[in-house]
Every structure is written in structure tokens, then in C-alpha cells.
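Keep in mind that the numbers below use all heavy atoms, side chains included, and drop hydrogens, waters and symmetry copies. These figures come from a predicted structure and were not determined experimentally. Residues take their numbers from the sequence shown, with the count starting at 1.
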Amino acid sequence: MIKEDVKLLVVEDDDAIREGLTELLLLEGFKVTETRNGKEALDVLIHSEPDMVISDIMMPIMDGHTLLENYKNLPNNKNIPFLFLTAFADNTNIRKGMNLGADDYLTKPFSRKELLRAITTQYEKYSSRKELFAQQAIQEFDKLNEVYAEERETLTMEMHHRVKNNLAVVTAFFELGEMSNDPNFIHTIKDRILAMASVHENAYHNDLVCRVDSHKLINNIIDSLFDIEDFLLVSQIEKFDLNVEKAIPLGLFIYETLTLLLNQKYLKSPIRICLNSYLTVEKGCLSISINADTELDITNLGNNVEGLLIESYAKQLEGTIKKHYTDVGSQFFLEYPI
């Protein structure tokens, strides 16, 4: 039984046939859109979603078979039925349409009964396909929800572990620092806690739940740090996904390293920092270089606290830090397994 709200797209270049066909279908309770050729019909199909196409084959500008071929190439097409009307019911013509995905043919002239029977048959098949696809989609959605639930549980446990680990690092920072010798010590601790919270938040809010967009993560860190004028940052950040267990320590490593370098007051002004993040076959790679008149070691600059933090995050990454000095400055490489 066909519902009254079934939408049909009629494609026919002969005005008399098109108008007569449209009137007949409207009287039967269908919703009908008229077009004069395949090009007009394709535009309708791009912007709307009828339940069936009833189309002539031989038409100017774009014929019926070309319309069907173009429709099949549309992204996210719903595979709606195509019922062709033709005055030439030869096997070659029909075979061509069937190969393209045509659902049925009616030879002109045809009766009202033949037309309605063909529409009913194809619509019922289409409805059955839609119901089957809907059931499969529900099953796939349920499976996906199960996977997401497992991933979120894994993520929660990982985040809990990382928070505990990094709070322990900050606690060690408190113990190693001497508040009396540095009036900005409390502000420094506050900045680190805020940075840690930001990295954790960036790692949690991502589309793939347990995967983090490294490009977005690193850019967020850069945006939060570089709000001063006496520096020049050059960055090339390749886009790839990281597990949360890698993303959090990588973000904190970058934050600590850049913060440490920017706080070296004796560096040439403007400070020029180049940061590259990229992926090899088995490793993530990070390169940070800075203009400096002297050799720098990010694990042993200023006092040992910042260096210990950097080494701690490199250790969480299971990464290795390499140093390279040239006439124009210092360069640091971090490699870590993916």
C-alpha cells in the first residue's frame, strides 16, 4: 500500500505527456515535481529527495540514462528507484539502463493500471530496502556505541593515571623549589597547573574519543604561549592522531620546553623559534630550534626543576631527546614511539 505523501519526480520533454502524466499521478494522491530534461532533474535530485524518478530516455540536454549515471555518482545518494518510459523497448537499450541501475521500464503507450502497478512494485521494493538499511544502521550504531563505551572507559582510566602522574610531578616541583628565593614561584606553579589542565582538556575533547589531533593540540599550546611581540615563531605541524597516553605528555613537553626557552633573558631579541612536528613510519618526531649565542640544554637550563619536568614528560612518552648545536643556535629533537 503506497502512502499518500510519496514524492515522485517526473522527467519528460514532451509537454503534453508530462502534463498528462503529472495530472494522473496527482489525482492518485502522489506529490509530483515536473522537469523537462535530465539536467533539470539532476538539480532537483541534488537539492531534494524524491522517493522515485519516472523518466523518459530520449531527451535534449541530458537523456535519462545519463541522468541515472550522474545520480549514482552523487555523494550519499539514496538509491531511489528509476522507472524509465521509452518508445524503444529493444534489448540493447534496456540492458544499458539495467547495467546503470535502472529498476524498471514501461513501453509507451502504457495504461494507467500498468503505470500504477510499476510504481507500487518499485516503491515496495524501495521501502523494504530502506527498512533493511535502517535495521543494519541501528545494529552498526549499537556496535559503535559499545566500542565508544569501552574507549571512554579506557580514556577515563588513562586520564586518571595521567592526572595523578602529572600532579606528582608538580608536587615534586614544589618540593624542589624555594619559595623564599623566587617571589614568582606561586605564579609559576599556577601557570603549570593551568597548562596541565588545558592539555588534559584538549586531549579529552576530540572526535575519536581515545585519539587526539596532534595538529590541534600543539596549535592550542602555541596560541596560549605566544602573545608577546619580541619573538618570531615558525612552525610546521603535520596533522596526525595520537593516543591519549602519548598526546598528554607530548603537549606538556612542548609547553615546558617553549616556556623554558622564552624565559631565557640573555637570548638575542627577537627570539626566533622553529617548531616542527611530524610522523615517520614508526615514530613521532618533534624538532625545536632557537637562535642563541651559546649552547643550550633544555634539560639543564636555569635550575634543575624545569629540566626534570621536561625529562619526566619525555620519559612518559618513552622518547629520547637529542641535542645539536650550530653557529646560528641550538636544536633539540624528540623521538617517541607511536
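Take K78 and apply the side chain to side chain donor-acceptor pair (under 3.5 Å) test, not counting sequence neighbours, and it matches no residue. Considering only residues two or more places apart in sequence or on other chains, R112 meets the side chain to side chain donor-acceptor pair (under 3.5 Å) condition with E28. Annotation: side chain to side chain donor-acceptor pair (under 3.5 Å) contacts of H324 (sequence neighbours excluded): none. Partners of E34 according to the side chain to side chain donor-acceptor pair (under 3.5 Å) rule, which considers only residues two or more places apart in sequence or in another chain, are R18. For D51, the side-chain contact (heavy atoms from CB on, under 4.5 Å) criterion is met by V6, K7, Y123, Y126, K130, not counting sequence neighbours.
With hydrophobic clusters built from ILVMFWY side chains whose heavy atoms lie under 4.5 angstrom apart, F30 does not share a cluster with I17. Under a hydrophobic clustering in which Ile, Leu, Val, Met, Phe, Trp and Tyr are joined whenever their side-chain heavy atoms come within less than 4.5 Å, directly or via other members, I338 and F333 fall into different clusters.
Residues H47 and D43 form a side-chain contact, since some pair of their non-hydrogen atoms from C-beta on lies under 4.5 Å apart. In this structure the side chain of T320 reaches within 4.5 angstrom of the side chain of E335, judged on heavy atoms. In this structure, the side chains of T33 and L8 stay at 4.5 Å or more apart for every pair of heavy atoms. The side-chain heavy atoms of V11 and F82, taken from C-beta on, include no pair separated by under 4.5 Å. At least one side-chain heavy atom of I273 sits less than 4.5 Å from a side-chain heavy atom of L258. Under the 4.5 Å side-chain criterion, counting only non-hydrogen atoms from C-beta, I61 is not in contact with R36. Looking at heavy atoms from C-beta onward, I221 lies out of side-chain contact with L252 at the 4.5 angstrom threshold. Considering only heavy atoms from C-beta on, V53 stays 4.5 Å or farther from L83 through its side chain.
Here L9 contributes atom CG and I80 contributes atom CD1; the two are 7.0 Å apart, rounded to the nearest 0.5 Å. Atom CD1 of I248 and atom CD of Q316 lie 8.5 Å apart (nearest 0.5 Å). Note: L242 CG to L317 CG = 8.5 Å, rounded to the nearest 0.5 Å. The CG atom of L25 sits 7.0 Å away from the CG atom of L116 when rounded to the nearest 0.5 Å. Atoms OH and CG, on Y71 and N79 in that order, are 6.0 Å from each other to the nearest 0.5 Å. To the nearest 0.5 Å, the span separating CD1 on I218 from CG on D223 amounts to 12.0 Å.
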- Start with the C-alpha distance between N37 and D13, add both sets of side-chain angles, then the distance that settles side chain to side chain contact (heavy atoms under 4.5 Å, CB included), and finish with yes or no. CA-CA 6 Å; N37 55 64; D13 63 315; 5.7 Å; no

| request: Test L21 against L115 for side chain to side chain contact (heavy atoms under 4.5 Å, CB included), laying out the working first. | output: CA-CA 10 Å; L21 188 58; L115 175 63; 3.3 Å; yes

Checking L67 against L45 for the side chain to side chain contact (heavy atoms under 4.5 Å, CB included) test, could you report, in this order, the C-alpha distance in whole Å, the side-chain angles of both residues, the deciding distance, and whether it holds? CA-CA 10 Å; L67 167 62; L45 290 168; 4.0 Å; yes

Original post:
Given L106 and T86, is the side chain to side chain contact (heavy atoms under 4.5 Å, CB included) satisfied, shown in steps?
Top reply: CA-CA 6 Å; L106 276 181; T86 178; over 6 Å; no

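Within a 6.0 Å sphere centred on CD of E114, heavy atoms belonging to other residues, nucleotides or ligands number more than 12. By the neighbour-count criterion of 12 heavy atoms within 6.0 Å, atom NZ of K315 is sparsely surrounded, having that number or fewer from other residues, nucleotides or ligands.
No salt bridge links K125 with D103; every basic N to acidic carboxylate O contact stays at or beyond 4.0 Å.
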Just distance, no hydrogens or angles: give the donor-acceptor pairs under 3.5 Å from side chains in residues 274-283, sequence neighbours left out.
residue : atom : partner : partner atom : Å
T280    : OG1  : K283    : N            : 3.2
T280    : OG1  : K283    : O            : 3.0

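Of the possible polar contacts, none joining the N77 side chain to the N73 backbone as a donor-acceptor pair under 3.5 Å is found. Judged purely by atom type and a 3.5 angstrom limit, S214 uses its side chain to pair as donor or acceptor with the backbone of F240. In this structure a side-chain-to-backbone donor-acceptor pair under 3.5 Å is missing from T66 to M62. Remark: the backbone N or O of K246 is not paired with any side-chain donor or acceptor of N243 at under 3.5 angstrom.
In this structure, H65 and F84 have perpendicular ring planes: the angle between them is above 60°, well past the 30° mark.
Between F253 and Y336, the ring center distance fails the sub-6.0 Å criterion.
Side-chain contact annotation: E12 with S55, donor-acceptor N/O pair under 3.5 Å absent.
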